[in-house]
**Student:** 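This is the structure I have questions about; it appears just below.
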Amino acid sequence: MHLSLNSALGRQRLLSSGVPSALQIAPGATAAYSLRSLTGGDPLAVRVRRSSDDAEADFKVSEITSGALITHVGSGNDGFVTIWYDQSGNSRNAVPASVARQPKIVENGSLLSNGLTFDGTSDEMQMPNDVISNINSVSAFLVSKGQSGSAFRIAMVLSGGATSLSMGFHFLTNLTNIYAGASQVLGSADGAKHLISVIAGSSQQESFLDGTQKAVTSSSSGYSAAGRIGSGGGSLFFSGQIEEVIIYDSDQSAKRVALETNIQDAYPTLP
Amino acid sequence: MHYLIYASKEAAIERADEEGKDRGYSYWIHGKGTMRPTYPVETNDQMWALDVTDYDLDDSEEESTVDHYTPLPNPTYGDYTD
């Protein structure tokens with residue numbers, strides 16, 4: 001019997017932690033961003049620029065929890081994310097195009113809660129154009145906390161134009177997804193943290209809020225590169241926090257429940 | 001706010017990158033991280049506006065700045081209704 005090194009390492013990580021990681025439960029992500037470990041190891045999570053002198057440094061997950069990130073930023077300073085590292089192993093890092101677009105992670109020397117904070121004015125991170133290839137074969141999981149009340153903002157977009165796929169779209173007083181140009185209401189924009197999921201296969205597409213199905217429709221085919229976290233692509237900037245994004249260029253229906261359970265366990269304040 | 005208006009996105013990015021290099025941003029030293037202070041925005045007349053409010057401008061640039069521009073219209077609710 002042959003066991004690959006990756007399999008052996010994955011098994012070892014599983015045994016050492018006792019709990020399988022998100023990417024052990026559902027391997028093969030095209031991109032995965034978080035401040036926690038999605039791999040079971042101690043991956044790079046973020047690169048951070050401090051406001052006092054623009055000095056930057058990379059931080060692993062353990063260095064966020066140990067306080068090393070806070071030490072780098074320094075007392076009274078702010079810290080901004082210049083790279084949100086892809087934990088999938090595909091190096092599809094999410095990057096802001098300029099200083100003005102960098103989301104905040106530390107404010108006045110303290111780590112902000114609920115992930116990266118997007119200011120609703122100009123903050124957004126760009127994902128590589130090949131993050132997905134078709135909206136008829138995609139799965140995406142988003143943990144975000146937007147504002148409440150009426151607004152017109154988008155937490156994440158994966159595809160544009162007639163083949164649009166947007167998630168966490170704060171549309172008036174509703175929280176919605178957009179699939180192939182059509183709006184799917186998930187619930188009210190209540191200002192709470194939510195897990196928003198999209199699964200699309202060859203025949204149907206589904207949207208979920210906190211693990212509960214909210215919409216199902218026939219799949220559409222096509223893709224127009226537009227990957228952004230924190231906006232609709234240079235407009236409709238998101239106001240709130242984004243804590244985790246996991247994307248598959250494939251239908252993960254069979255593993256959706258297990259992955260969502262992992263995510264919900266990791267963020268106890270999720271409904 | 002002060003803006004320089006460019007005919008192409010590439011020219012505006014080139015100016016933004018020059019400012020980023022002058023400031024010693026991480027990308028130009030370490031090959032990753034922050035590249036530039038601001039990023040151009042498309043205008044309503046197919047030009048590109050670069051926010052240069054905090055840039056170190058030369059005399060020619062100083063004379064060319066404008067204090068406002070008309071951006072492309074943002075999407076509206078109607079763009080997303082069936």
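Just so it is clear: chains get the letters A, B, ... in the order the sequence lines come, proteins before strands, and each one is counted from 1.
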**Student:** Counting only non-hydrogen atoms closer than 4.5 Å, does P40(B) touch chain A with its backbone (N, CA, C, O), its side chain (CB onward), both, or neither?
**Tutor:** backbone

**Student:** Does any heavy atom of chain B fall under 4.5 Å from the side chain of F80(A), the backbone, both, or neither of them?
**Tutor:** neither

**Student:** For each of M35(B), R23(B), R36(B), tally heavy-atom pairs with chain A at distances under 4.5 Å, and name the one with the top tally.
**Tutor:** R36(B)

**Student:** Verify the neighbour count for atom CG of D58(B): are there more than 12 heavy atoms of other residues, nucleotides or ligands below 6.0 Å?
**Tutor:** yes

**Student:** CD of E124(A) to OH of Y39(B): how many Å apart, nearest 0.5 Å?
**Tutor:** 9.0 Å

**Student:** So, R47(A) and S26(B): side-chain donor and acceptor under 3.5 Å apart, yes or no?
**Tutor:** yes

**Student:** Does atom CG (D56(B)) have a neighbourhood of more than 12 heavy atoms from anything else shown, all under 6.0 Å?
**Tutor:** no

**Student:** Heavy-atom cut-off 4.5 Å, strictly under: side chain, backbone, both or neither for D58(A) against chain B?
**Tutor:** side chain

**Student:** Decide if atom OH of Y27(B) counts as having more than 12 heavy atoms of other residues, nucleotides or ligands within a radius under 6.0 Å.
**Tutor:** no

**Student:** Could you go step by step and tell me if V99(A) and Y25(B) meet the side chain to side chain contact (heavy atoms under 4.5 Å, CB included) rule?
**Tutor:** CA-CA 10 Å; V99(A) 166; Y25(B) 280 161; 3.6 Å; yes

**Student:** Determine whether more than 12 heavy atoms belonging to other residues, nucleotides or ligands lie under 6.0 Å from atom CD of E14(B).
**Tutor:** no

**Student:** To the nearest 0.5 Å, what is the distance between CZ on R101(A) and OG1 on T34(B)?
**Tutor:** 13.5 Å

**Student:** Mind ranking T176(A), I83(A), V48(A) by heavy-atom pairs under 4.5 Å with chain B and telling me who comes out on top?
**Tutor:** I83(A)

**Student:** Tell me, out of N93(A), L172(A), I178(A), who's got the most heavy-atom pairs with chain B below 4.5 Å.
**Tutor:** L172(A)

**Student:** Please determine whether the number of non-hydrogen atoms from other residues, nucleotides or ligands lying under 6.0 Å from atom NZ of K60(A) exceeds 12.
**Tutor:** no

